[in-house]
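Order of appearance sets the numbers: ligands from 1, and atoms from 1 within every ligand.
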Amino acid sequence: MKPISKSIVMFSGYIALGLVIIGLILCRLKKKKRERVEAPSPCKVASVDDIVDTKPSFTSTDFKTDVSKSDYSINSTESAFVPSSLVVLTSPIISDLKFEDLLSAPAELLGRGKHGTLYRVIFENGMVLAVKRIKGWMISADEFKHRMQRLDQAKHLNVLPALAFYCSIHEKLLVYEYQPNGSLFTLLHGKQPGRKFEWASRLKIAAKIAEALAYMHRELYVDGIPHGNLKSTNILLKNNMEPCISEYGLMAMDPQDPSSSLNDLNSMQQQTKGTSTSGFKADIYGFGVILLELLTGKLVQNDGIDLTSWVHSVVREEWTVEVFDKSIISDGASEERMLNLLQVAIKCVNQAPESRPSISQVVSMINTIKEEDDKSLVYEP
Ligand SMILES: Nc1ncnc2c1ncn2[C@@H]1O[C@H](COP(=O)(O)OP(=O)(O)OP(=O)(O)O)[C@@H](O)[C@H]1O
């Protein structure tokens, strides 16, 4: 071959090789770009609701044993920019708990309430926690953190403390110890054949809740933090069946909260909720409804409005004894003391918030009834 044609062949060989290399590089770049577009963002994880919504939902009264992978996801966009992590409060039980641990542990949906969703989260070491995912609370992160710190300082034996919380722009999670004995609601209305819930126990529970609520109101009055959602599902029973108030101060209505809009609340509900100051009176109303539930054994509907108006109508007709739960009457409980407790309940559910008693007045009225009841037990043959 002539030297000229030899160099032409070599030259075209180099060009061809160059083209192949450029082609390969372009292909590789293109593939990488496609991978980047298709691959989920490392922060993007499906939300709890995304996952749960694909399964039948469980309700508090319909416990199932299905366990799913929990995914307390934070929103992809916010997680990339807002550093947020699980804040463990003064709790030795979960001092090492990380947000990732919550994400990876299996969870069971316990219930979807007005204010959020509750999950039972089970850990490998056997620890079981209840995690509440709060919905639609337009509270700033700073305010939320401050509130959590104040709540953590107000400790009472009959108030369930939050163990930890997570707060970012779109997500607020609260971590509690799981209470396997259920709530006052399940004790009163659950189907547990043969289970007796006699007058003395009901009165004791009422007195304990009132004392605990009085303590919290005293401690948190200046901060304007009432319970905000007091009802029998939020009275849990500890291992020793002692009652404890759960979710204190975590659902208070924010004036900007869309769920407090006039459209979806009737006038009575507006009275029972509201700003932080009227919230304390709303707690008294909620407590009054709990007393009515204890006395009548009846289910509460429509935020207690049905039950209170039924009780009022019966009392007006002077058939008062008719309101009491048959099972406590058959226990031989004192009708007089039951009537006294009914009077306390009726004062608490007064439609005018300013006419409701303070919680310390409620405590003293209930304690008087309880002292009389205790005395009668001592002197009875
Ligand atoms: N820490 C807990 N341990 C065990 N059970 C709990 C715990 N906290 C709540 N529960 C129960 O789980 C169920 C669902 O709770 P959730 O708070 O979602 O319901 P709710 O009180 O009706 O709703 P909301 O508070 O949003 O109005 C209720 O029956 C409640 O008694």
Side-chain angles (χ1 to χ4, degrees), residues 48-49 52 57-65 67 70 72 89 91 93-94 97 102 105 107-123 126-137 139 151 157-165 171-192 205 209 212 226-254 257-260 264-265 269 272-273 279 282-283 285-287 289-290 293 299-304:
V48 180
D49 279 348
V52 170
S57 67
F58 310 135
T59 65
S60 53
T61 46
D62 185 15
F63 283 92
K64 306 246 171 95
T65 47
V67 173
S70 77
Y72 302 91
L89 296 160
S91 160
I93 312 172
I94 56 158
L97 189 73
L102 273 190
E108 174 196 354
L109 180 66
L110 286 184
R112 265 181 221 279
K114 240 187 299 180
H115 300 279
T117 320
L118 192 86
Y119 299 87
R120 188 167 81 113
V121 183
I122 304 135
F123 294 83
M127 179 172 71
V128 186
L129 298 175
V131 178
K132 178 102 179 185
R133 186 187 190 203
I134 300 178
K135 124 184 134 182
W137 190 8
I139 184 173
L151 286 168
L157 218 62
N158 299 102
V159 178
L160 190 70
L163 302 178
F165 68 91
E171 288 289 357
K172 281 166 195 68
L173 302 178
L174 288 156
V175 181
Y176 292 97
E177 207 175 319
Y178 179 75
Q179 304 297 319
N181 285 336
S183 65
L184 180 59
F185 179 92
T186 46
L187 188 59
L188 277 166
H189 312 295
K191 292 178 187 71
Q192 291 156 314
I205 283 184
I209 305 167
H227 184 289
N229 190 25
L230 197 62
K231 54 183 180 176
S232 58
T233 54
N234 281 337
I235 307 295
L236 302 178
L237 300 161
K238 298 204 277 190
N239 282 338
N240 52 3
M241 293 307 274
E242 280 270 306
C244 65
I245 301 175
S246 78
E247 299 186 0
Y248 190 100
L250 300 168
M251 313 296 153
M253 299 299 273
D254 186 296
D257 185 340
S259 68
S260 71
D264 53 19
L265 296 172
Q269 284 168 303
T272 65
K273 302 197 166 78
D283 280 358
Y285 181 91
F287 180 75
V289 174
I290 291 175
E293 256 180 293
L299 266 175
V300 168
Q301 271 156 9
N302 202 7
D303 277 358

| Residue part near ligand 1, for L236, under 4.0 Å between non-hydrogen atoms | side chain

| query | Given that the side chain starts at C-beta and the backbone is N, CA, C, O, which of these parts of T186 lies under 4.0 Å from ligand 1, counting heavy atoms, or is it both or neither? | reply | neither

Which ligand 1 atoms does [X] reach within 4.0 Å, using its non-hydrogen atoms?
X: A130; result: 1 (N), 2 (C)
X: G116; result: 26 (O)
X: S183; result: 31 (O)
X: G113; result: 18 (O), 23 (O), 24 (P), 26 (O)
X: L160; result: 1 (N)
X: K231; result: 20 (P), 21 (O), 22 (O), 23 (O), 24 (P), 27 (O)
X: T233; result: 20 (P), 21 (O), 22 (O), 30 (C), 31 (O)

| request: Assess K132 for proximity to ligand 1: is some non-hydrogen atom of it under 4.0 Å away? | output: yes

Heavy-atom check, side chain of [X] versus side chain of [Y], under 4.5 Å:
X: K135; Y: R133; answer: no
X: F185; Y: E293; answer: yes
X: P180; Y: N239; answer: yes
X: T117; Y: V131; answer: no
X: L129; Y: Y178; answer: no

| request: First locate atom NZ of K132, then atom CG of L110, and finally report the distance between them rounded to the nearest 0.5 Å. | output: 10.0 Å

I'd like to check whether [X] has a polar contact with ligand 1, where a contact means an N/O of the residue lying under 3.5 Å from an N/O of the ligand.
X: S246; result: no
X: Y178; result: no
X: N229; result: yes
X: Y176; result: no
X: E247; result: yes

| query | Do N158 side-chain atoms and P243 backbone N/O form a donor-acceptor pair below 3.5 Å? | reply | yes

| message | Looking at H227 and S246, would you say the former's side chain and the latter's main chain have a donor-acceptor pair under 3.5 Å? | response | yes

| Between A212 and V159, which heavy-atom pair has the shortest distance, and what is it? | CB-CG2, 3.9 Å

| request: Ignoring hydrogens, just give me the one of Q179, K238, R112, H115 whose non-hydrogen atom is nearest atom 3 (N) of ligand 1. | output: Q179

| query | Going through the distances and angles, do S183 and L236 end up as a side chain to side chain contact (heavy atoms under 4.5 Å, CB included)? | reply | CA-CA 4 Å; S183 65; L236 302 178; 3.9 Å; yes

